[in-house]
Amino acid sequence: MTALTVALVLVAVAVGLLRWRRPAWYWLTFGVTLAVVRVLVRYGSVMDACGLTVPPARWRLALARAINRPTPEFRAPRILRMRPTRTGLVLRLRLRPGQDAFDVAAASDRLRHSFAMYGVTSRELRSGVVEVRMTGYDVLKRVQMPAETDTRPMRVPVALRQDGSVHYRDYRAIPHALTLGATESGKSVYQRNLVAGLAPMDVALVGIDCKQGVELFPLARRFSALADDPDTAADVLDALVVRMEGIYQVIRAQQRIAADVPDAEIAADIWDLPDHLRPVPVVVLIDEVAELALFTTKEEEKRRDRIITALVRLAQLGRAAGIYLEICGQRFGSELGKGITMLRAQLSGRTAHRVNDETSANMAFGDIAPDAVLAAIQIPAEMRGLAISGDSSGGWHRIRAPHTSLRQAVNICNRHADRTPDLPELASFRPVLSTSAPTSLAKAASSATG
């Protein structure tokens with residue numbers, strides 16, 4: 001009896017230690033079993049307490065009266081399937097007549113407390129069927145991406161969502177995106193994950209980093225063009241506009257709109273072209289976009305108008321030509337001058353890390369997902385990398401990218417440097433890799449200190 005007691009105490013201590021230090025291991029060993037039992041045992045009473053039950057049908061009441069049986073109980077949504085995952089449980093529910101998917105969404109917080117889960121979210125799969133995702137622990141505290149992800153061309157896994165699913169940056173679904181965040185909020189890590197995910201793909205990367213290139217130039221081996229000052233950025237954007245116009249001429253020549261050609265083969269963008277004619281897609285990454293919009297002299301104002309005009313044209317017309325914009329900054333409001341709000345309207349993907357004020361959150365979500373504004377301003381300072389991601393559909397998710405150091409991102413880009421395409425329009429902006437640069441910088445620093 002003493003040995004059994006000691007064994008039970010040791011198991012209890014091990015379970016508590018796992019839950020504290022390794023919540024993912026605890027979930028896979030003990031948590032998932034306990035959660036399944038808890039859901040099955042409490043399901044009926046919890047649904048009733050949360051107002052997710054409906055009265056029995058009239059014919060059931062009439063039948064009970066006719067045969068002198070007890071009155072049937074209220075009915076809860078029927079569980080079609082329960083699937084354990086590495087982060088929680090997924091329930092697929094069949095709603096009863098009179099119920100709505102919004103009822104389940106409104107009760108998600110009560111379901112979280114009742115089933116003792118960390119988080120509960122729901123979404124409608126089809127009419128009458130709702131998927132409820134429950135997470136057993138805080139998956140965003142220590143982000144661990146799954147070993148296998150559903151990676152496709154121009155679709156990059158960049159972060160983990162609060163419900164345990166993978167957050168993808170899909171350029172074919174959402175061509176252009178805006179990423180906001182204060183200093184030390186995690187924008188750079190998010191951008192590194194994006195570059196690291198794009199590096200193994202057949203895509204050209206173009207970078208504009210007006211912070212003297214400190215963020216993007218270490219990744220230069222995988223970039224087809226880089227600019228580190230506004231003047232060079234203006235020339236790069238003009239060259240991209242020229243490339244876009246040339247691609248449209250290729251599409252026009254290959255549209256195949258003759259009467260004897262099936263409609264499915266008519267080309268309207270680069271993805272409808274044959275493989276041997278399809279131009280390589282281009283992702284343009286802009287770091288600190290405000291540096292492109294600020295000016296102090298008349299000449300700088302002309303350059304600024306030229307840059308914003310090119311960006312607006314690329315945002316409006318670039319999708320079909322396979323040119324996608326990824327714009328980052330701390331703020332992106334009308335104070336940056338004319339044309340900014342027009343550009344922001346074309347950026348349908350929005351991601352906001354921790355911001356310094358509510359106005360910045362409104363810049364990201366005020367026009368597409370007002371509910372996400374409050375979530376964005378509540379991100380704590382100690383949770384670097386935590387962000388709110390939304391799109392023009394009005395939906396939003398809380399996400400966090402795994403920490404990727406600059407060295408890890410550089411190694412990935414160097415490993416896939418052979419995939420860097422040469423774009424004729426951007427040949428003059430191809431970064432020149434020189435081993436003497438660090439030596440010259442060291443000499444300049446030593447002479448300055450001397």
Side-chain angles (χ1 to χ4, degrees), residues 83 85-88 90 119 121-125 131 133 135 139-140 142-181 186-205 219 222 269-271 280-286 315 318-319 322-328 346-353 364-365 368-369 372 375-376 385-404 408-409 412-413 416 419:
R83 177 170 56 89
T85 67
R86 68 183 188 90
T87 59
V90 178
T121 59
S122 66
R123 66 187 182 102
E124 184 178 3
L125 297 181
E131 182 183 80
R133 300 185 69 95
T135 51
V139 298
L140 300 184
R142 182 183 296 174
V143 178
Q144 293 180 339
M145 299 291 283
E148 295 183 1
T149 56
D150 185 16
T151 304
R152 306 171 193 168
M154 303 307 297
R155 188 170 186 258
V156 184
V158 291
L160 201 64
R161 293 181 177 176
Q162 190 178 20
D163 61 3
S165 60
V166 178
H167 180 72
Y168 294 92
R169 177 69 179 93
D170 191 343
Y171 286 94
R172 295 188 63 178
I174 302 177
H176 313 300
L178 171 65
T179 302
L180 295 180
K187 295 195 311 296
S188 298
V189 174
Y190 179 85
Q191 193 176 56
R192 287 175 205 158
N193 278 276
L194 199 56
V195 174
L198 289 169
M201 298 184 180
D202 294 325
V203 59
L205 301 180
L219 315 173
R222 188 56 185 85
D269 58 30
I270 66 168
W271 304 106
V280 62
V282 179
V283 175
V284 184
L285 297 107
I286 301 176
R319 181 204 62 81
I323 299 177
Y324 308 104
L325 299 180
E326 196 75 37
I327 298 179
C328 298
Q346 304 296 326
L347 307 176
S348 51
R350 309 286 176 86
T351 301
H353 294 74
F365 301 115
I368 62 168
L386 189 64
I388 306 298
S389 180
D391 54 52
S392 55
S393 67
W396 59 275
H397 304 276
R398 188 175 281 104
I399 66 171
R400 194 180 189 188
H403 179 71
T404 301
Q408 290 173 323
I412 293 174
C413 289
H416 299 283
R419 289 183 172 271

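With rounding to the nearest 0.5 angstrom, the OG atom of Ser122 is 9.5 Å from the CD atom of Glu131. Distance check: Ser165 OG to Leu160 CG gives 7.0 Å after rounding to the nearest 0.5 Å. Once rounded to the nearest 0.5 Å, the distance linking OH of Tyr171 with NE2 of His176 reads 11.0 Å. The OG1 atom of Thr351 lies 12.5 Å from the CD1 atom of Ile327; values are rounded to the nearest 0.5 Å. In this structure, CZ in Arg161 is found 6.0 Å from NE2 in His167, a value given to the nearest 0.5 Å. To the nearest 0.5 Å, atoms CG (Leu219) and CG (Leu198) are separated by 11.5 Å.
Geometric assessment of Arg192 against the ring of Tyr190 yields a negative cation-pi assignment under the 6.0 Å and 45° thresholds.
Here the shortest heavy-atom pairing between Arg222 and Ala199 reads NE-O, 2.9 Å. Closest heavy-atom contact between Pro175 and Arg169: O-NH2, 3.4 Å. The two residues Lys187 and Gly181 make their nearest non-hydrogen contact at NZ-O, 2.9 Å. Across all their heavy atoms, Ala401 and Asn193 have their closest contact at CB-ND2, 3.8 Å. Closest of all the heavy-atom pairs between Ser348 and Ile174 is OG-CG2, 3.4 Å. Taking both residues in full, the closest heavy atoms of Phe365 and Ala376 are given as CE1-CB, 4.2 Å, listed atom of the first, atom of the second, then distance.
With Leu194 as the partner, the side chain to side chain contact (heavy atoms under 4.5 Å, CB included) test is satisfied by one option alone out of Val189, Leu285, Leu205: Leu285.
Other residues, nucleotides and ligands contribute only 12 or fewer heavy atoms inside 6.0 Å of the CZ atom of Arg319.
In this structure, Pro153 has no side-chain contact (heavy atoms from CB on, under 4.5 Å) partners at least two apart in sequence or on a different chain. Remark: Asp202 pairs with Arg419 by the side-chain hydrogen bond (donor to acceptor under 3.5 Å, both in side chains) rule, at least two apart or across chains.
Salt-bridge annotation for Asp150 and Arg155: present, with a side-chain N of the basic residue lying under 4.0 Å from a carboxylate O of the acidic one.
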> Are Ile286 and Glu326 close enough, and set up right, to give a side chain to side chain contact (heavy atoms under 4.5 Å, CB included), and what steps lead you there?
Replying inline: CA-CA 6 Å; Ile286 301 176; Glu326 196 75 37; over 6 Å; no
> Would Val195 and Cys413 count as a side chain to side chain contact (heavy atoms under 4.5 Å, CB included) if you check the C-alpha gap in whole Å, the side-chain angles of each, and the deciding distance to 0.1 Å?
Replying inline: CA-CA 8 Å; Val195 174; Cys413 289; 3.6 Å; yes
> Step by step, would you call Ile388 with His397 a side chain to side chain contact (heavy atoms under 4.5 Å, CB included)?
Replying inline: CA-CA 6 Å; Ile388 306 298; His397 304 276; over 6 Å; no
>> Show, in sequence, the C-alpha distance, side-chain angles and deciding distance for Met154 and Val283, and conclude whether the side chain to side chain contact (heavy atoms under 4.5 Å, CB included) test is met.
In response: CA-CA 9 Å; Met154 303 307 297; Val283 175; 3.9 Å; yes
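Pro402 places none of its side-chain heavy atoms less than 4.5 Å from the side chain of Gln144. Two residues are said to be in side-chain contact when any heavy atoms from C-beta on lie closer than 4.5 Å; Ile399 and Gln162 fail this criterion.
Without hydrogens or angle criteria, Arg350 side chain to Leu347 main chain gives a donor-acceptor distance under 3.5 Å. For the pair Arg400 (side chain) and Gly385 (backbone), a donor-acceptor distance under 3.5 Å is absent.
Thr135 and Asp163 are not linked by any side-chain donor-acceptor pair at a separation below 3.5 angstrom, with hydrogens and angles left out of the test. Side chains of Thr179 and His353: no donor on one and acceptor on the other come within 3.5 Å.
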